[in-house]
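Accompanying notes for the structure given below.
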Amino acid sequence: MSYYEIQGGRPLCGALAIHGCKNSVLPILAACLLAPGQSVIHNCPDLSDVSATLDILRLLGCRADREGNTVVIDASALGRSDIPERLMREMRSSVIFLGALLARLGTAELFYPGGCELGPRPIDLHLSALRTLGAEILEEQGALCCRRGREGLSGREICLSIPSVGATENIMLAACGCPGVTTIVGAAQEPEIVDLQNFLRAMGAEIDGAGTPAIAVRGGAPLHPAEHRVMGDRIAAATYLCGVAAAGGEAELTGVAPDTLTAVLACLEEAGCTVHTGRDRVTLANAGPLRGIRPVRTAPYPGFPTDAQAVLMAALAGGEGATLFVENIFDSRYRHVDELRRMGADIQIAGRAAMVSGVGMLHGAGLRSPDLRGGAALVVAALGAEGASQVSELRHIRRGYQDLDKNLRALGADIRELP
Ligand code: UD1
């Protein structure tokens, strides 16, 4: 099984283009189902989660072709509405196909995504919202059978008790196929929701409010295929920024909007880094040890993203001073902590809180990626550590990072993938 061999302590310098955003391309690819014909998606990152999504589209009868970072989806021959359990297990966010299939075909059969490495991953908000829109959903032994109810689908008001990203996206997709107006109250405000709205508008959808807690969709009219460029991946950007913060150096990231990174940049500045931003670029420089900062509490956007918690913790663990982290979004999101401790980190966990006492310098170790962002965090820690680290279980990292090792090498890191 392949692993990264990382010799820490080399400063990272240079420029890097950030790839397209995993979390916005997945619902955008599902949205391609909404209209027959060819949609063209640019800046589509080459990730295993994206490949899994393309496999699902092909299985459903679509053509899906990639050329470089452009993917062409032809949904003219969409013939099936069932997704086998194997593909659902491969990528739990495939539940996003529920709303898209319901809107286009009026039926969807897939499997309950179940728990995952971040703990239980309920979809109750998705299901109750689709029921409100008029779907009948049968749940049997993990299978979900969903179809347009006898009275058909129609726009309604849906209040979300939690601003769930996936539920907001699923409702937006389903609502495109519901005559009348659907309003989502308490919607997630993440930039990825805005990206999905932009694509749906390009397809001819009447939709407003993404980026605020209230989204309105006037659905039922036929949509047409469209061309779209996916936004830059703010979590990949946060990962590289934390890498530069941990290892020292100065790097400019392009292709990412700094206003999607406000909470992360504020923490890195407080920790002692110098940050400059332009329209679609961020430069970060750091010369000394990172300082402890005020408590980092993960929260829905625009709060500190749960997906950047592990990479920031990895950087601060090798700095000086203490920082309290509070993980408010997912249970089981501290699985990187045991691995960081193997590098000498001093981290105490009590429920949702993790107290990180910077030890000045971590040391290299043999490490296993526990999940996608936890794996990236180990790479960040290893870049700043003294000595060599080996990071295994790269399949997790490949779900969300394209060419992580190659990009870091281009910045001057000593990282190689070994078989
Ligand atoms: C998305 C992101 C993920 C990110 C997360 C939070 C994708 C593909 N993934 O995941 O990277 O970490 O947002 O920013 O975009 N919840 C329920 N019931 C539901 C749905 C969610 O209780 O029906 C809870 C979850 O358990 C969690 C919270 O709501 O505690 C937020 O989850 P949600 O925003 O739905 O995350 P995802 O869309 O799964």
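Atoms within each ligand, like the ligands themselves, are counted from 1 in listed order.
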Is ligand 1 under 4.0 Å from a heavy atom in the side chain of [X], in the backbone, in both, or in neither?
| X | result |
| --- | --- |
| Leu125 | both |
| Ser93 | side chain |
| Glu169 | neither |
| Asp124 | both |

Handout entry: Thr323 (side chain) donor-acceptor with Ile293 (main chain) under 3.5 angstrom
Key =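 Present.
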Exercise for the section: Check for a donor-acceptor pair, side chain of Thr182 on one end and backbone N or O of Cys178 on the other, with a separation under 3.5 Å. Expected result: no
Exercise for the section: Pick, from Pro305, Pro300, Pro122, the option with the minimum heavy-atom distance to atom 26 (O) of ligand 1. Expected result: Pro122
Counting from 1, what ligand 1 atoms have a heavy atom of [X] closer than 4.0 Å?
| X | value |
| --- | --- |
| Ile329 | 27 (C), 30 (O), 31 (C) |
| Arg333 | 12 (O) |
| Gly166 | 35 (O), 38 (O) |

Between [X] and [Y] (salt bridge meaning N to carboxylate O under 4.0 Å), is one present in this structure?
| X | Y | answer |
| --- | --- | --- |
| Arg395 | Glu393 | yes |
| Arg294 | Glu270 | yes |
| Glu327 | Arg333 | no |
| Asp371 | Arg373 | no |

Handout entry: Heavy-atom gap Ala188 to ligand 1 smaller than 4.0 Å
Key = no
